[in-house]
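Data first, discussion second: the structure below is written as structure tokens.
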Amino acid sequence: MLGSSIQGLGNSGYGLLYVVPATFVYLLITNTPIELYYVGWEIPEVLLYALTTLSIYSAIWLHQASLMIFGDNAGMKSSKTQSVINKHFCYFAFGVPPTELPDDSSLLAVVLSAIRSGNVRWGVFLRFLPVGFTWVYTVSAWLLLTNSSLVSGATLVGGAFWLTLTIILVRNVITGYLPHHIPKESLDGVDEAEYARNRRLATSIAKDDPKPRIQDSKSDNQTKIR
């Protein structure tokens, strides 16, 4: 799983998934124990280790799921419709097949439909559960990094992490002002995830080429003798 997640790390958007765990690692290396600004309380080191571990797991899970949905070369910037993305992410999170989920641009609506379907695979959901707190990890990393800068002073590396986390937190608000539609010239091939497309192509190729690739040598020799 880790090897598949590292593949395509430089593609658009995938590298940002690892900024949060990298921030926790930075805080562990440079600022332990962390003391809250003006309060004087110290953040337990075991909490930082827990956040680091959970955020790494979440980044790998999201990276792997994104590769399966968007493909190796598309990155997180895909022409697939939001309803298609929601259905396939819910499939990886709950195990409910995309065909049983509605075409809805609201992720919450698709999640509720998956739960109401009664086909949730709880083993799959438990493996996904830490990923559901990705936003919490991101906000926690930003707050702890900001607090560390106020208490101990900022560094160039810390400033780079802080700026990146700030962009991650506010980008959805800013992009919310963009048009909520996909141009007609971008609609071809957006109705299925990349892993489903690859599976369909492999099946169609197998059906179109049913001939055995290895001929029976005995029958071939007999034909030549005759």
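- Counting heavy atoms from C-beta on, the side chains of Tyr26 and Leu145 come closer than 4.5 Å.
- The shortest non-hydrogen separation linking Val110 to Lys87 is CG1-CA, 4.2 Å.
- In the hydrophobic clustering of this structure, Leu163 does not group with Leu156; members are Ile, Leu, Val, Met, Phe, Trp, Tyr whose side-chain heavy atoms approach within less than 4.5 Å, directly or through other members.
- Distance check: Tyr57 OH to Leu62 CG gives 10.0 Å after rounding to the nearest 0.5 Å.
- The two residues Leu27 and Ser148 have their closest heavy-atom pair at CD2-CB, 4.0 Å.
- Following chains of ILVMFWY side-chain contacts shorter than 4.5 Å, one cannot reach Phe125 starting from Leu112, and the two form parts of different hydrophobic clusters.
- Under the 4.5 Å side-chain heavy-atom criterion for ILVMFWY residues, no single connected hydrophobic cluster contains both Val124 and Leu101.
- The closest side-chain heavy-atom distance from Asn86 to Asp104 is not below 4.5 Å.
- Distance check: Phe24 CZ to Leu47 CG gives 8.0 Å after rounding to the nearest 0.5 Å.
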Problem set entry | Test side-chain contact (heavy atoms from CB on, under 4.5 Å) applied to Trp135 and Leu169, step by step | CA-CA 9 Å; Trp135 180 255; Leu169 288 172; 3.5 Å; yes
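- At least one side-chain heavy atom of Tyr91 sits under 4.5 Å from a side-chain heavy atom of Tyr195.
- A heavy-atom distance below 4.5 Å is found between the side chains of Phe89 and Ser66.
- At least one side-chain heavy atom of Val111 sits under 4.5 Å from a side-chain heavy atom of Phe94.
- Taking both residues in full, the closest heavy atoms of Thr155 and Gly158 are given as OG1-N, 3.1 Å, listed atom of the first, atom of the second, then distance.
- Linking Ile, Leu, Val, Met, Phe, Trp and Tyr residues whenever their side-chain heavy atoms come within less than 4.5 Å places Val136 and Trp162 in a single cluster.
- Contact check for Phe92 versus Gln64: no side-chain heavy atoms found under the 4.5 Å cut-off.
- Taken from CD1 in Ile85 to CD in Gln82, the straight-line distance is 5.0 Å, to the nearest 0.5 Å.
- Residues meeting the ring pair (Phe, Tyr, Trp, His ring centres under 6.0 Å) test with Phe133, sequence neighbours left out: none.
- Leu28 and Val46 fall into different hydrophobic clusters, defined by Ile, Leu, Val, Met, Phe, Trp and Tyr side-chain heavy atoms under 4.5 Å apart, directly or through other members.
- Leu107 places a side-chain heavy atom less than 4.5 Å from the side chain of Cys90.
- Residue Leu17 holds its CG atom at 11.5 Å from OG of Ser55, rounded to the nearest 0.5 Å.
- With rounding to the nearest 0.5 Å, the separation of OH in Tyr18 from NE2 in His63 is 5.0 Å.
- To the nearest 0.5 angstrom, Ile29 atom CD1 is 11.5 Å from Leu48 atom CG.
- Side-chain atoms of Val131 and Thr134, non-hydrogen and from C-beta on, do get closer than 4.5 Å to each other.
- In this model, no donor atom of one side chain and acceptor atom of the other lie less than 3.5 Å apart for Thr52 and Tyr137.
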